[in-house]
Amino acid sequence: NKYNPDHRQIYKFIRTLFNAAQLTAECAIITLVYLERLLTYGEIDICPGSWKRITLGAFLLASKVWDDQAVWNVDYCQILKDLTVEDMNELERQFLELLQFNINVPSSVYAKYFFDLRTLAEANDLSYPAEPLSKERAQKLEAMSRF
């Protein structure tokens, strides 16, 4: 894909991952944190030829860190038929290295992203989950992201 995707193509790709892998809204926020870290630590740019792979890598890690029943690499291969388990393993390894293995997401960082996204949604007349992160979920997030 050497062309610039429009927002509908990006949305369709993300929606496909979310629906097929049954990812949570919290997982989406963690994914965004990881994407921004990648752009900072990895000093890379998202371009038309790499956006799907970069997004998939962020979702892969976020689902393993956050969700109780993480999606296995082989499961993503069933969703995205052109990938092998070896591709997914390599993607995960590269993503972790580019993040400098910093997968910890403190509740304060999560809250910042949550409220920034809510503000953005409201400014664009989009719906957004009304519930911020509960104390219990915040503690779970911090505990799970320390592994």
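Nothing fancy with the numbering, it's 1 onward along the sequence.
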Quiz item: Counting N and O atoms only, with roles assigned by atom type, does the side chain of Gln9 sit under 3.5 Å from a partner on the main chain of Asp6, one being a donor and the other an acceptor?
Solution: yes
Quiz prompt | Qualifying salt bridge (charged side-chain N to carboxylate O under 4.0 Å, His left out) pairs with a residue from residues 27-41, counting only residues at least two apart or across chains | solution = none
Practice problem: Could you state whether Tyr11 and Leu32 fall into the same hydrophobic cluster, counting links through intermediate Ile, Leu, Val, Met, Phe, Trp or Tyr residues with side-chain heavy atoms under 4.5 angstrom apart? | Solution: no
Quiz item: About how many Å separate CZ of Arg53 and CE of Met88, when rounded to the nearest 0.5 Å?
Solution: 8.0 Å
Exercise. Report the distance from atom CG of Leu60 to atom OH of Tyr34, rounding to the nearest 0.5 Å.
Key: 10.5 Å
Quiz prompt | Co-membership, hydrophobic cluster, residues Leu39 and Leu120, 4.5 Å side-chain | solution = no
Practice problem: Specify the closest pair of heavy atoms between Trp51 and Ile10, including all atoms of both residues, with the distance to one decimal. | Solution: CH2-CA, 3.7 Å
Exercise. Using atom types as modelled and distance alone, determine if a side-chain donor or acceptor of Asp45 lies under 3.5 Å from a backbone N or O of Cys47.
Key: no
Practice problem: Side-chain contact test, heavy atoms from C-beta onward, threshold under 4.5 Å: evaluate it for Leu98 versus Tyr41 and give yes or no. | Solution: no
Quiz item: Does any N or O in the side chain of Asp116 come within less than 3.5 Å of the main-chain N or O of Tyr113, such that one atom is a donor and the other an acceptor?
Solution: no
Quiz item: About how many Å separate CD1 of Ile29 and OG1 of Thr24, when rounded to the nearest 0.5 Å?
Solution: 8.5 Å
Quiz item: When rounded to the nearest 0.5 angstrom, what distance separates NZ in Lys52 from CD1 in Ile46?
Solution: 14.0 Å
Quiz item: Roughly how far apart are Asn124 CG and Thr119 OG1, rounded to 0.5 Å?
Solution: 11.0 Å
Practice problem: For residues Ile54 and Ile44, determine if any side-chain heavy atom of one lies less than 4.5 Å from a side-chain heavy atom of the other. | Solution: yes
Quiz prompt | Reported CZ-to-CZ distance for the pair Phe95 and Phe101, which is rounded to 0.5 angstrom | solution = 12.5 Å
Self-check item: Any Val109 side-chain heavy atom under 4.5 Å of Val33 side chain
Solution: yes
